[in-house]
Amino acid sequence: MGDHDERYDHGEHLGEARRARWAAAGAGGLLCLAGCAAALLRLTGPAPAVVPAAYALGAAVCALAAVLGSRGRTRRALWLLVAGTAVMALGDQFD
């Protein structure tokens, strides 16, 4: 009976890990696309050069987070998503 419970718990953890990988990769990809779009929009406008550069740098960090998340490094990916979003938000403050 104990073996069945352990296998069931192991299967549950695998499902949670898979969902975490998909969530990290999806959020990283989405934030990367949003950062690239914002960088292109700010590049064509009268904003200072630091603003599109910050969006592009934040998008690159989020892309790295998506790659790490898809490879199972979800904790590092989460921190990189936070850092990438913070860089984009900081760059927006110069606008």
Side-chain angles (χ1 to χ4, degrees):
M1 184 78 175
D3 290 334
H4 176 70
D5 293 339
E6 289 175 13
R7 279 184 274 149
Y8 179 74
D9 290 341
H10 183 66
E12 282 291 314
H13 291 305
L14 288 178
E16 290 174 9
R18 186 177 302 118
R19 283 190 297 273
R21 284 193 305 268
W22 276 101
L30 185 64
L31 285 170
C32 178
L33 288 175
C36 288
L40 288 174
L41 286 173
R42 300 290 192 208
L43 191 62
T44 60
V50 71
V51 175
Y55 277 112
L57 178 63
V61 171
C62 288
L64 178 61
V67 170
L68 287 177
S70 69
R71 293 183 180 193
R73 304 288 187 194
T74 54
R75 192 172 300 150
R76 289 184 183 134
L78 174 65
W79 283 109
L80 284 175
L81 288 173
V82 170
T85 305
V87 167
M88 288 189 255
L90 183 66
D92 193 48
Q93 295 299 312
F94 290 107
D95 191 18

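The figures here come from the full heavy-atom set of this structure, side chains too, leaving out hydrogens, waters and symmetry mates.
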What are the two closest non-hydrogen atoms of [X] and [Y], and how far apart are they?
X     : Y     : result
Ala66 : Ala25 : CB-O, 3.7 Å
Arg71 : Arg21 : C-CD, 4.4 Å
Gly84 : Cys62 : CA-SG, 4.0 Å
Thr74 : Gly69 : CG2-O, 4.2 Å
Thr85 : Leu31 : OG1-CD1, 3.6 Å
Pro52 : Pro48 : CD-O, 3.1 Å

Item to complete: Compare all side-chain heavy atoms of Val61 with those of Val87 and state whether any distance is below 4.5 angstrom.
Response: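 Side chain of Val61 against side chain of Val87, heavy atoms only: no contact under 4.5 Å found.
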Discussion item. Could you measure the distance from the CG atom of Leu64 to the CG atom of Leu81? Nearest 0.5 Å is fine.
Written reply: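 Between atom CG of Leu64 and atom CG of Leu81 there are 9.5 Å.
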Practice prompt. Give every residue pair that meets the side chain to side chain donor-acceptor pair (under 3.5 Å) criterion with at least one member in residues 51-63, sequence neighbours excluded.
Written response: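 Checked against side chain to side chain donor-acceptor pair (under 3.5 Å) - neighbours excluded - the pairs reaching residues 51-63 are Tyr55-Asp92.
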